[in-house]
Q: 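Below are the structure tokens for one structure; questions will follow.
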Amino acid sequence: MSLTPDWVREGRHPTLLNMPQWGFQIPSVEILPLPADAYEVRQVQTDWFEVREREGGRLIWSGIGPVSVEVSRAPF
């Protein structure tokens, strides 16, 4: 059994969750396991966002936004 994720072995472009930058920090990015279209970004209040799986509605992230879910431009 390999510990390397399938998307790495297959050379696919991973899905990224881009979260806001605080002060002078580098923006936060997290790799998500499903394709980008499997997630939905919802603005639940003026500055508060949630990222949920479309199927089942499981909460992935909740916090101050804006946030985005996108496909990486390069495989890694």
Q: Can you sort out the partners of E53 under salt bridge (Lys or Arg N to Asp or Glu O under 4.0 Å), two or more places apart, ordered by chain and number?
A: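 Salt bridge (Lys or Arg N to Asp or Glu O under 4.0 Å) check on E53 returns R58.
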Q: So with a 6.0 Å cut-off around CD of Q21, is the heavy-atom count from everything else above 12?
A: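 Count over threshold, so yes.
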Q: Do F49 and I64 touch side chain to side chain, with heavy atoms closer than 4.5 Å?
A: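 Counting from C-beta outward, F49 and I64 never come under 4.5 Å.
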Q: Can you tell me how far apart OH (Y39) and CG (L32) are? Round to the nearest 0.5 Å.
A: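 If we round to the nearest 0.5 Å, Y39:OH and L32:CG are 4.5 Å apart.
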Q: The criterion is side chain to side chain donor-acceptor pair (under 3.5 Å); which residues satisfy it with N18, sequence neighbours excluded?
A: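 Partners of N18 under the side chain to side chain donor-acceptor pair (under 3.5 Å) test: S68, E70.
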Q: How far apart are the closest heavy atoms of A36 and T15, and which atoms are they?
A: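 Heavy-atom minimum between the residues: N-OG1, 3.1 Å.
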Q: When rounded to the nearest 0.5 angstrom, what distance separates CH2 in W48 from CD in Q43?
A: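 W48 atom CH2 to Q43 atom CD measures 12.5 Å (nearest 0.5 Å).
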Q: Can you sort out the partners of E40 under side chain to side chain donor-acceptor pair (under 3.5 Å), two or more places apart, ordered by chain and number?
A: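 With neighbours one apart ignored, the set is R42.
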Q: In chain order, what residues pass the side chain to side chain donor-acceptor pair (under 3.5 Å) check against S28, with sequence neighbours excluded?
A: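 If we apply the side chain to side chain donor-acceptor pair (under 3.5 Å) test to S28, skipping adjacent residues, there are no hits.
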Q: Which heavy-atom pair separates P20 from P66 by the least distance, and what is that distance?
A: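 It is CD-O, 3.6 Å.
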Q: Which residues pass the side-chain contact (heavy atoms from CB on, under 4.5 Å) test with P35, sequence neighbours left out?
A: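 Per chain and number, P35 pairs via side-chain contact (heavy atoms from CB on, under 4.5 Å) with D37, A38.
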Q: Quick check: does any side chain N or O of S72 sit under 3.5 Å from a backbone N or O of P14, one acting as donor and the other as acceptor?
A: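 Not confirmed, S72 side chain does not pair with P14 backbone.
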Q: Which residue pairs pass the salt bridge (charged side-chain N to carboxylate O under 4.0 Å, His left out) test when at least one of the two sits in residues 17-35, sequence neighbours left out?
A: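 As it turns out, there is no salt bridge (charged side-chain N to carboxylate O under 4.0 Å, His left out) pair with a partner in residues 17-35 once direct neighbours are skipped.
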Q: Where do V67 and M19 come nearest, in terms of heavy atoms and distance?
A: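 Smallest heavy-atom distance, with atoms named: CG1-CA, 4.1 Å.
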Q: Under 4.5 Å between any side-chain heavy atoms of L16 and I31, yes or no?
A: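 In contact.
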